[in-house]
Amino acid sequence: MYNQDPQHGITLEKMLTDLVDHFGWEELARRIPIKCFSNEPSIKSSLTFLRRTPWARAQVEQLDARMRR
């Protein structure tokens with residue numbers, strides 16, 4: 001059966017990396033205003049924050065879904 005979800009099987013790390021590649025840290029911090037994107041951002045520190053913060057992770061997933069359309 002084919003899964004209609006464009007994010008199916010995509011890890012949080014892949015989502016974040018793709019968003020940074022597409023928007024850059026500055027634009028990502030503007031779209032989702034959280035400190036880990038604006039203050040010395042890195043994939044590792046952002047993943048740590050996003051894995052512990054459901055509301056922030058949801059915003060990243062929503063932006064990623066919009067980008068993939």
Side-chain angles (χ1 to χ4, degrees):
M1 175 161 198
Y2 178 73
N3 191 326
Q4 297 286 343
D5 181 3
Q7 291 176 303
H8 180 75
I10 297 174
T11 64
L12 181 60
E13 182 174 7
K14 174 74 172 140
M15 283 182 206
L16 184 58
T17 301
D18 289 350
L19 288 169
V20 171
D21 289 347
H22 185 80
F23 295 112
W25 286 111
E26 191 173 310
E27 179 62 15
L28 189 57
R30 190 187 71 72
R31 289 173 181 254
I32 305 173
I34 52 179
K35 206 182 245 185
C36 68
F37 292 165
S38 60
N39 186 20
E40 298 182 33
S42 73
I43 297 293
K44 184 178 179 186
S45 66
S46 296
L47 285 173
T48 300
F49 177 78
L50 293 170
R51 287 182 178 131
R52 286 191 241 166
T53 316
W55 64 264
R57 181 181 180 139
Q59 288 187 18
V60 167
E61 291 171 347
Q62 289 171 359
L63 182 58
D64 180 73
R66 286 194 306 267
M67 182 189 73
R68 291 183 190 281
R69 283 191 201 124

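Every heavy atom of this structure was used, including side-chain atoms; hydrogens, water molecules and symmetry mates were not.
Annotation: the span from Leu12 atom CG to Leu47 atom CG amounts to 5.0 Å, rounded to 0.5 Å. Rounding to the nearest 0.5 Å gives a distance of 12.0 Å between CH2 of Trp25 and CG of Asn39. One distance of note links CG of Leu63 with CZ of Arg68; it measures 10.5 Å at 0.5 Å rounding. Between Asp21 atom CG and Leu16 atom CG the span is 9.5 Å, to the nearest 0.5 Å. Here Glu13 contributes atom CD and Lys44 contributes atom NZ; the two are 11.0 Å apart, rounded to the nearest 0.5 Å.
Ile34 approaches Trp55 most closely through the heavy-atom pair CG2-CH2, 3.4 Å. Shortest non-hydrogen contact noted between Leu50 and Phe37 is CD1-CZ, 4.3 Å. For Phe49 against Ala56, the heavy-atom pair with the smallest separation is CE2-CB, 3.6 Å. Summarising the geometry of Phe23 relative to Leu28, their closest heavy-atom pair is CB-N, 4.2 Å, with the distance given to 0.1 Å. When every heavy atom of Ala29 is checked against every heavy atom of Ser38, the shortest pair comes out as CB-CB, 3.8 Å.
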Point to revise | Working for side-chain contact (heavy atoms from CB on, under 4.5 Å), residues Gln62 and Arg66 | key: CA-CA 6 Å; Gln62 289 171 359; Arg66 286 194 306 267; 4.0 Å; yes
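In the displayed structure, Glu27 atom CD is contacted under 6.0 Å by more than 12 heavy atoms of other residues, nucleotides or ligands.
Between Asp18 and Lys14, some side-chain heavy-atom pair lies under the 4.5 Å cut-off. Looking at heavy atoms from C-beta onward, Arg31 lies out of side-chain contact with Leu19 at the 4.5 angstrom threshold. Taking the side chain as every heavy atom from C-beta outward, Asp64 and Glu61 never approach each other to under 4.5 Å.
Ser45 contributes no side-chain N or O that, together with a main-chain N or O of Pro41, makes up a donor-acceptor pair within less than 3.5 Å.
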